[in-house]
Structures are given as C-alpha cells and as structure tokens.
Amino acid sequence: MIAQTIQLALAPVFMLVAIGNILNLLTSRLSRVVDRARVLQDRYAATQAAEHDLVVLEIRTVDDRIRLIGLAMRLLVLSGLFIGTTVFLLFLEELVGSEIRLVAAGTFIAALSLMMIGLVLFLRETQVAAASLRIPRDYLELHRKL
C-alpha cells in the first residue's frame, strides 16, 4: 500500500521540482530588474526634460515587471505549499486509513490553478520586458537602403 502511495505522490513531486526551477528563473529575472531599477533611480535626479521623461517611463515599466514577478513568485510558492499538502494528505490517508483523497485532489487542483496563474503572470512579465526592449522605428532608418 505504501508503494502505491509513493507512486501517487510522484506526479505532485515532479510538479514541485518544476516550480522550483521556475522560481529560480524568476529570481534571476527579478535580480536583473532590481539592478536596472537602481541604475534608473540614480539617473532620475540627473536628467531633465525629454530624457527625464524617458527615465520615468522606464522606471514605470521596471516597477510593473517587479510587481508581476513578485506576484508570480508568491503564487508559485503557494502552489508548492499546496503540493506539499497534497503529498502529506496522501500519506496521512495511508497511515490513518481515512478517506481523504477528495481533499488531496482538491489541494492538487488548487496547486495546479495557482501554478497556471503564476505562469500567466510570468508570460505577462516577459511581454512587458519584450515591449520595453523594442528598438524605436526611427533608429532602424527603414527609409534607407543599406
């Protein structure tokens, strides 16, 4: 019976590993964004007019990215906690002999839902990042044949 419970717990544990890898990726992205925010904050007081406006726009973008990454990380951590709860409930059911599989299924569904929402937020952050990195059309000088 324990062997069957271990088999049942494998899928949630693999999901937990995936969440850990995604959190690692998000932490790296957050670190880069925070570094950029510090550079922009230093430039903020030293700029004027149009250049200042560009710095403010980039600070707003960086702030959005920090918010999205932070929220995605919180949801993924909550997902991991629900996965841990699922595995705990599966083993508790085996040890105690009570029927709590529906509760375990509920915690697993909650974990999947939180993970999917976290991934959507991660996708949104990458879209914001990509949009802010677009090269202005004027710089491309598309009217010139090179």
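Nothing here was measured: the structure is a model prediction, and the numbers come from that model.
- The local environment of CG in Leu102 is sparse, with at most 12 non-hydrogen atoms from other residues, nucleotides or ligands closer than 6.0 Å.
- Atom CZ of Arg36 is separated from atom CZ of Arg65 by 10.5 Å, given to the nearest 0.5 angstrom.
- Put simply, CD1 on Ile19 and CG on Leu119 are 8.5 Å apart, with the number rounded to the nearest 0.5 Å.
- The distance from atom CD1 of Ile66 to atom CD1 of Ile59, rounded to the nearest 0.5 Å, is 10.5 Å.
- By the side-chain contact (heavy atoms from CB on, under 4.5 Å) test, Leu57 is found to be paired with Arg60, residues two or more places apart in sequence or in another chain being considered.
- Ser98 and Glu93 get closest at one heavy-atom pair: O-CG, 2.8 Å.
- Residues Val39 and Tyr44 fall into different hydrophobic clusters, defined by Ile, Leu, Val, Met, Phe, Trp and Tyr side chains chained together at heavy-atom separations under 4.5 Å.
- For the atom pair CZ (Arg43) and CG (Leu54), the distance works out to 8.5 Å, reported to the nearest 0.5 Å.
- Grouping the Ile, Leu, Val, Met, Phe, Trp and Tyr side chains by contacts below 4.5 angstrom, directly or via other members, places Val17 apart from Met15.
- Under a hydrophobic-cluster definition in which Ile, Leu, Val, Met, Phe, Trp and Tyr are linked whenever side-chain heavy atoms come within less than 4.5 Å, directly or via other members, Phe14 and Ile109 are assigned to different clusters.
- The environment of CD in Glu141 is crowded: more than 12 heavy-atom neighbours from other residues, nucleotides or ligands sit within 6.0 Å.
- Taking CG of Leu25 as the start and CD1 of Ile22 as the end, the distance is 8.0 Å to the nearest 0.5 Å.
- Side-chain atoms of Ser31 never come within 3.5 Å of backbone atoms of Thr27 as a donor-acceptor pair (strictly under, hydrogens ignored).
- Hydrophobic clustering (ILVMFWY, side-chain heavy atoms < 4.5 Å, transitive): Leu23 and Val33 are in one cluster.
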Got a list of side-chain donor-acceptor pairs under 3.5 Å for residues 68-91, not counting sequence neighbours?
| residue | atom | partner | partner atom | Å |
| --- | --- | --- | --- | --- |
| Ser79 | OG | Ala111 | O | 2.7 |
| Thr85 | OG1 | Leu81 | O | 2.9 |
| Thr86 | OG1 | Phe82 | O | 2.9 |
| Thr86 | OG1 | Thr107 | OG1 | 2.6 |
| Thr86 | OG1 | Phe108 | N | 3.2 |

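- Within the model, atoms CE of Met116 and CG of Leu123 stand 14.0 Å from one another, a figure rounded to the nearest 0.5 Å.
- For the pair Leu26 and Phe122, the tightest heavy-atom approach, listed with the atom from each and the gap, is CD2-CD1, 3.3 Å.
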